[in-house]
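For the numbers below, each heavy atom of this structure counts, side chains included, while hydrogens, waters and symmetry mates do not.
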Amino acid sequence: QVNDIYTYDDYKYTFEEDVAGWHAVVNDKTKTTYGVMLHSINNTDITSNKDTFKGCSQLVELNPNFRIPSNVVSTHAMFSGCTNLTTIPAGMILPSKVETAQQMFNNCRALKSLPSTFSIPSSVTDMSKMFSQCRALEKLPENLMTNCHASKIDNTFAYCASLTYLPKNFKLPEEAT
């Protein structure tokens, strides 16, 4: 049912019609780490991680087993404002169904690197401001943009003052306007 709410562990899940599934957000924005999130509830997928950790300024690292649910279509501002987040778990990837990754890591000032397996899937159409203000980000994974076809990429790496390494095969998508 639309607007049903389910709370489990660190997360509150709300059923939303616009994403045809469950939307997950954390209950307590003051924690330094969070548990693993559910991938479905009553056989209905978690489909939105929009604002899941937004503003969790005390978050330092994610659980090593943390994964974005495979049927998520939006990671818009998922970690935006997590100013103390330093690392992303080695196995965390953007699922192949994600369409919007806009502002996903915006203002994650302490984030130094991304896992080597992290890449932008071809399904992503909007990655504007995805890493904007990631001031400590030093390098990008080799295959970050290999399959990227995003048309909206404005300010994706704006204010990434420490970014000193771009992969050899780094290129902006032809679809970008």
Side-chain angles (χ1 to χ4, degrees), residues 1-115 117-121 123-137 144 150 152 155-156:
Q1 289 287 10
V2 175
N3 296 324
D4 277 357
I5 295 174
Y6 180 76
T7 303
Y8 180 78
D9 196 20
D10 290 325
Y11 303 93
K12 177 175 83 173
Y13 303 89
T14 307
F15 191 83
E16 296 183 357
E17 191 171 26
D18 63 328
V19 293
W22 294 93
H23 174 224
V25 294
V26 294
N27 285 319
D28 179 356
K29 292 187 178 275
T30 63
K31 295 177 75 173
T32 58
T33 191
Y34 297 89
V36 176
M37 81 173 47
L38 298 175
H39 286 234
S40 67
I41 299 170
N42 297 328
N43 297 317
T44 302
D45 295 324
I46 307 300
T47 55
S48 175
N49 280 144
K50 179 181 179 189
D51 300 334
T52 299
F53 300 96
K54 185 177 182 178
C56 292
S57 60
Q58 301 305 308
L59 177 61
V60 175
E61 63 183 4
L62 294 169
N63 180 304
N65 297 316
F66 180 85
R67 301 294 182 269
I68 297 171
S70 60
N71 288 310
V72 162
V73 295
S74 176
T75 58
H76 179 204
M78 184 174 181
F79 298 101
S80 183
C82 295
T83 54
N84 287 305
L85 181 64
T86 58
T87 58
I88 301 297
M92 191 179 108
I93 62 168
L94 272 180
S96 62
K97 294 184 179 181
V98 172
E99 297 170 4
T100 303
Q102 178 184 17
Q103 299 181 17
M104 183 175 180
F105 296 102
N106 182 54
N107 204 21
C108 290
R109 297 178 189 171
L111 185 62
K112 291 185 177 184
S113 64
L114 300 167
T117 56
F118 194 87
S119 66
I120 311 298
S123 57
V124 173
T125 58
D126 187 351
M127 58 183 278
S128 53
K129 296 184 181 179
M130 186 173 182
F131 300 101
S132 180
Q133 299 186 46
C134 290
R135 296 178 179 165
L137 187 62
L144 178 70
K152 295 179 183 175
N155 296 307
T156 296

Backbone N/O of [Y] and side chain of [X]: donor-acceptor pair under 3.5 Å:
X: Ser80; Y: Ala77; answer: no
X: Thr117; Y: Ala90; answer: yes
X: Asp9; Y: Tyr11; answer: no
X: Tyr6; Y: Trp22; answer: no
X: Ser74; Y: Lys50; answer: no
X: Ser123; Y: Val98; answer: yes
X: Tyr34; Y: Asp28; answer: yes
X: Asp10; Y: Gly35; answer: yes

Do His76 and Gln103 touch side chain to side chain, with heavy atoms closer than 4.5 Å? yes
Any non-hydrogen side-chain atom of Met130 less than 4.5 Å from a side-chain atom of Leu94? yes
Before you tell me yes or no, could you show the steps for Thr100 and Val73 under side chain to side chain contact (heavy atoms under 4.5 Å, CB included), namely the whole-Å CA-CA distance, both residues' side-chain angles and the distance that decides it to 0.1 Å? CA-CA 7 Å; Thr100 303; Val73 295; over 6 Å; no
With a sphere of 6.0 Å drawn around CG of Asn65, does it hold more than 12 non-hydrogen atoms of other residues, nucleotides or ligands? yes
In terms of side-chain heavy atoms, does Lys12 have a donor or acceptor partner in Asn27 at a distance below 3.5 Å? no
Under 30°, 30 to 60°, or over 60°: which ring-plane class applies to Phe79 and Phe53, parallel, tilted or perpendicular? parallel
What's the separation between atom CD1 in Ile93 and atom CD1 in Ile88, rounded to the nearest 0.5 Å? 13.5 Å
Could you grab the distance from atom OG1 of Thr86 to atom NZ of Lys112, nearest 0.5 Å is fine? 7.5 Å
